[in-house]
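First comes the structure, then the notes that go with it.
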Amino acid sequence: MTQSASPIESVQDTSRPTPHLSAASLTPMAVLLIEIALAVGGFGIGTGEFAIMGLLPDVAATYQVSIPMAGYVISAYALGVVVGAPVIAVLSARLPRRTLLLGLMAVFALGNILSAVAPDFWSFTVLRFITGLPHGAYFGVAALVAASMVPPTKRARAVGRVMLGLTVATLLGTPIATFMGQLLSWRAAFFLVGGIGALTVALLWYFLPRDKVMEGASVKRELGAFGRSQVWLTLGIAAVGFGGMFSVFSYIASTTTVTAGMPVTTVAIVLALFGIGMNVGNIVGSRLADLSLMGTIGGVMAFNVFVMGAFGLFAEYPAVLCLCVFLIGCGFAAGPALQTRLMDVAADAQTLAAASNHSAFNIANALGAWLGGLVITWGWGFAATGYVGAFLSLLGLGVFFVSHTLDTRRGRA
């Protein structure tokens, strides 16, 4: 009896490591299966990151702490992302990408399973920090793998398909995990996320071919990414420009019920509109980025300034609020473009730069939520988070213009 070969084995021998994946070495079906495997990992990470927000009261009740104190676990995870992305990218410079992806997802899966059985609040908090460590590095390396499998003119779309796992998580994964957690136990939600992580490990093990470490790879070369001004400018666009989205999203439930006067039951609908917008933005933005990378980044930043401002002015009107929330979600269109831009400006230090992009997004999350909270505390109302968003988007647009100007002067526009 003969054993059937996997789709990848039909075009290359996976027992022999290859320097890198390429469109020429893989069939379209093999590329699709690898992208699905990578996206499943993104789906698990997105579900695990956001589901906890709806389960905080249950976690607080279990460990007998206040809800604000329970919120420390969200901060711990975000800190893990910010720290883990650059550190792991540097320390793993000499690891093959397949090995690194398997290790990162194994840590993520185990971290969620152990979180589900954590005996006390502080051990749970530490485990959330550890679970956040692989987040940024996984997305960064997954984006590099996806981009390497397609022609240069289709890189952003490949990156977008991997990031689709994250955006779908906001629409489907998070509500399902939250519902399961509320119906059974919040611990069941983390078992579910851990299971998705384990499934990703199995899919990557089977479908992703072994590869060799790129010649000359080293810690020193990866650290060289931080010596390039365009890397910092691109990370700055993400860290500042996307803060606006988070300033609005962090307080959207209160804006919906207090400012717009909508019933609490409609909050789920508004959140779903945001998730739909993210998915639309991811798909459309990745296609636009393959046509004009810098045009997409600058255009989306300008679009965000307008939409955030409209949110601040008209959030009291339910129909306009819903439309603005959808359009704010569409602002994620710059995500694949920024990730691809980092691949271009990082030269031979792509792993660190690509992973650091997700540290920048988490900085944006913290910055947006903090500034949004300030204007609310000052008595400006929940709708004023839109003005914060417009200001941050405008700053992001300013950083973009600096980056574009430097490119033009160097003849790279």
Side-chain angles (χ1 to χ4, degrees), residues 6 8 14-21 33-49 76-77 79-116 126-149 159 162-163 165-166 190-191 193-214 217-219 221-223 225 339 349-359 362:
S6 73
I8 293 178
T14 56
S15 65
R16 296 180 179 179
T18 54
H20 55 81
L21 303 180
L33 292 172
I34 294 171
E35 288 179 345
I36 290 174
L38 294 170
V40 169
F43 178 80
I45 290 176
T47 300
E49 181 180 17
Y77 183 93
L79 181 61
V81 178
V82 173
V83 172
V87 171
I88 293 174
V90 170
L91 295 181
S92 61
R94 294 291 301 167
L95 282 179
R97 289 174 179 172
R98 179 179 185 270
T99 301
L100 179 55
L101 286 171
L102 288 170
L104 291 171
M105 193 46 60
V107 171
F108 175 79
L110 184 60
N112 278 286
I113 292 171
L114 292 177
S115 294
V126 171
L127 283 166
R128 295 317 297 158
F129 170 78
I130 294 173
T131 306
L133 291 173
H135 179 127
Y138 176 84
F139 276 115
V141 176
L144 292 173
V145 170
S148 71
M149 297 188 298
V159 172
V162 171
M163 296 181 75
L166 176 63
F190 284 103
F191 275 124
V193 175
I196 297 173
L199 172 62
T200 304
V201 172
L203 292 173
L204 291 174
W205 181 274
Y206 186 73
F207 291 119
L208 186 61
R210 291 197 299 163
D211 61 308
K212 291 181 180 179
V213 177
M214 296 187 68
S218 66
V219 171
R221 191 171 80 174
E222 288 298 329
L223 288 173
Q339 189 76 68
Q350 293 187 349
T351 303
L352 177 58
S356 296
N357 189 39
H358 296 273
S359 292
N362 275 268

Test log, rule side chain to side chain contact (heavy atoms under 4.5 Å, CB included), inputs L208 and V145: CA-CA 10 Å; L208 186 61; V145 170; 4.0 Å; yes
If you look at every heavy atom in M105 and G197, which pair is closest and at what distance? CG-O, 3.3 Å
Here the pair of heavy atoms bringing A137 nearest to I88 is CB-CG2, 3.9 Å
Interatomic distance, OG1@T200 vs CD1@I45, rounded to 0.5 Å, equals 8.0 Å
Say you draw a straight line from CZ of R98 to CG of L102; how long is it, rounded to the nearest 0.5 Å? 5.0 Å
Minimum heavy-atom distance between G44 and V193, given as atom pair plus value: O-CG1, 3.5 Å
Find the distance between CG (L38) and CG (L33) and round it off to the nearest 0.5 Å. 11.0 Å
Output the distance between atom CD1 (I36) and atom CG (L204), rounded to the nearest 0.5 Å. 12.0 Å
Note: V162 and A142 closest approach over all heavy atoms is CG1-CB, 3.9 Å
From I113 atom CD1 to F190 atom CZ, the distance as rounded to the nearest 0.5 Å: 12.5 Å
Heavy-atom pair with the smallest gap, counting every atom of S359 and P86: OG-CD, 3.5 Å
Is the closest side-chain heavy-atom distance between E35 and V159 below 4.5 Å? no
Got a sec, which pairs hit side-chain hydrogen bond (donor to acceptor under 3.5 Å, both in side chains) with one end in residues 129-140, sequence neighbours left out? Y77-H135
For L203 versus A37, what's the shortest heavy-atom pair and its separation? CB-CB, 3.7 Å
